[in-house]
Amino acid sequence: MVKAKRTYLQLNLARLFFFLIFIGSCFETNAQIFPDSSPETEEVLPEFPEDSLGRRNPRGTVSGFISSLSRQNYDRAARYLNLKEISTGNGEPERLVKTFQSLLDRGGNIMPYAWINDDYEGRADDDLPPEIDRVGSVNVGGENIDLYVERTLGPDNAPVWLFSSSTVNTIAQIEPEDQSLLERFLPAYLKSKLWGGVPIGQWLAAVLIAALAIFLAWAIIAFFIFIIKLIWKKAKNEPLSGIIRALSVPFQLYLAVLLFLILSQEAGLSIILRQRFSGVVMIIVVIAFLLLLWRLSDFIGNFSKSKMAEKGNFSGVSVILFLQRAAKLAIIIFGGITILLNLG
């Protein structure tokens with residue numbers, strides 16, 4: 001009997017041990033966020049004077065371009081494009097900017113700002129040349145076209161990042177398409193009144209799309225849980241019922257975010273508005289992942305403790321309680337760091 005208790009304790013300790021290893025691997029993945037204090041490997045980046053448009057790095061270029069669009073300052077927005085192969089006469093730069101914005105509004109996307117590199121040198125961990133970074137994509141005729149920024153040299157050989165000449169040339173060859181779904185159905189007064197550079201109707205549409213995404217996510221998850229319990233009788237009993245409960249809310253959050261992104265792109269929600277929501281969306285995704293880990297930790301710990309208590313192994317209950325608290329502490333630390341990263 002004692003041997004059986006020890007075996008059971010070892011089994012549950014092993015489960016929690018591997019769970020903690022999984023949490024640890026999450027920290028290892030993000031190890032690069034901590035600066036290297038070793039003087040031998042520390043890289044000192046050169047200092048350059050500030051660019052008045054903030055184009056010293058890819059993130060500054062993209063955020064500056066979106067900010068210029070929100071102010072409807074198309075002349076300023078054009079200065080974020082590499083126009084070396086484009087005629088600048090007859091209002092061509094402004095036409096290009098408006099076409100670019102139209103493509104982004106109709107199913108295009110820009111990466112969340114936290115994902116875009118903010119160094120002079122750009123990203124070095126992708127398959128692109130060091131002076132090229134990918135920052136998003138647009139959809140033209142059912143085909144996805146990647147958007148790139150490239151490093152050019154300004155005065156004093158200082159880096160100036162611009163939307164690449166290849167990206168600009170591609171946009172120049174595209175004729176604006178028909179109006180988006182929102183543009184066709186929004187009343188004129190909801191399109192003429194602006195708030196934060198975005199028509200009020202777009203803000204109202206964003207709220208409605210978010211509410212619809214949350215409702216659809218809840219309905220879809222509830223339907224699948226009902227079907228699983230209807231077909232699989234064991235799903236109504238522990239421990240499977242506990243696992244399903246642990247997974248339902250995080251999956252619902254993930255699905256709501258995914259549906260919001262899809263519906264907002266299909267409806268033609270302004271890229272200005274979607275970029276403002278992008279940070280919030282990423283934080284919700286992180287919270288959903290943390291909630292998943294937290295609930296799994298609770299389920300594994302509580303289930304193991306109840307089995308230990310049934311067998312009278314109270315020392316095993318204490319060990320599992322300690323490991324459960326340690327796992328939750330790791331989740332909190334990892335979550336805090338990840339959320340701060342997404343906030344920039």
Side-chain angles (χ1 to χ4, degrees), residues 66 101-116 134-147 177-186 190-191 195-196 198-231 235 243-296 335 338-339 341-343:
I66 298 296
Q101 182 178 8
S102 176
L103 292 173
L104 289 171
D105 288 346
R106 292 169 177 78
N109 73 84
I110 295 290
M111 292 179 181
Y113 293 136
W115 290 10
I116 302 175
R134 181 183 178 277
V135 294
S137 65
V138 293
N139 189 285
V140 180
E143 178 185 358
N144 276 330
I145 299 175
D146 289 330
L147 302 176
E177 299 178 354
D178 295 334
Q179 291 183 325
S180 66
L181 187 64
L182 285 178
E183 289 173 335
R184 288 200 300 268
F185 289 98
L186 281 179
L190 289 180
K191 292 190 288 186
W195 185 38
V198 179
I200 293 178
Q202 292 269 349
W203 288 96
L204 295 175
V207 173
L208 293 176
I209 291 172
L212 178 61
I214 292 171
F215 172 76
L216 289 176
W218 171 83
I220 291 171
I221 296 298
F223 174 76
F224 273 105
I225 291 176
F226 173 76
I227 295 298
I228 289 173
K229 290 185 176 181
L230 184 65
I231 297 176
I243 294 176
I244 291 174
R245 286 196 303 271
L247 297 179
S248 61
V249 174
F251 278 17
Q252 184 176 327
L253 282 175
Y254 277 124
L255 186 57
V257 169
L258 179 62
L259 289 172
F260 174 78
L261 293 176
I262 293 174
L263 292 174
S264 61
Q265 285 187 328
E266 292 297 322
L269 197 65
S270 169
I271 188 61
I272 302 168
L273 202 51
R274 282 191 278 128
Q275 279 303 106
R276 289 180 178 174
F277 287 153
S278 64
V280 176
V281 167
M282 292 309 304
I283 290 175
I284 293 175
V285 170
V286 172
I287 291 174
F289 178 66
L290 297 176
L291 185 59
L292 174 62
L293 295 180
W294 189 278
R295 285 183 161 225
L296 287 176
T338 307
I339 289 174
L341 283 174
N342 279 282
L343 290 173

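Note that the coordinates shown come from a computational prediction; the quantities given were computed from them, not determined experimentally.
- Remark: Leu273 pairs with Val198, Gln202, Trp203, Ala206, Leu269, Ser270, Phe277 by the side chain to side chain contact (heavy atoms under 4.5 Å, CB included) rule, at least two apart or across chains.
- Between the side chain of Asp105 and the main chain of Ile271, a donor-acceptor pair closer than 3.5 Å is present.
- We find the CD1-CG distance between Ile262 and Leu216 to be 11.0 Å, quoted to the nearest 0.5 Å.
- The distance from atom OG of Ser248 to atom CG of Leu255, rounded to the nearest 0.5 Å, is 12.5 Å.
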Would you tabulate the side-chain donor-acceptor contacts of residues 219-228 under 3.5 Å, counting partners in other chains and residues two or more places apart, or write 'none'?
none

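- Using a 4.5 Å heavy-atom cutoff, the side chains of Gln265 and Asn139 are not in contact.
- To the nearest 0.5 Å, atoms CG (Asn144) and OG (Ser137) are separated by 5.0 Å.
- Within the 4.5 Å cutoff, the side chain of Leu147 has heavy atoms near those of the Ile110 side chain.
- The distance from the CG atom of Leu292 to the CZ atom of Phe251 is 6.0 Å, given to the nearest 0.5 Å.
- In this structure a side-chain-to-backbone donor-acceptor pair under 3.5 Å is present from Arg274 to Leu104.
- Taken from CG in Leu261 to CG in Asn109, the straight-line distance is 9.0 Å, to the nearest 0.5 Å.
- Across all non-hydrogen atoms, the minimal contact from Leu259 to Ala217 is CD1-N, 3.8 Å.
- Using modelled atom types, no side-chain atom of Arg295 and backbone atom of Leu291 make a donor-acceptor pair closer than 3.5 Å.
- Considering all non-hydrogen atoms of both residues, Pro250 and Ala288 come closest at CB-O, 3.4 Å.
- Leu258 CG to Leu263 CG: the interatomic distance, rounded to the nearest 0.5 Å, is 9.0 Å.
- Residues Gln252 and Trp218 approach most closely at NE2-CB, 3.5 Å, considering heavy atoms.
- Contact annotation: the side chain of Tyr113 approaches that of Ile66 to within less than 4.5 Å [non-hydrogen atoms, C-beta and beyond].
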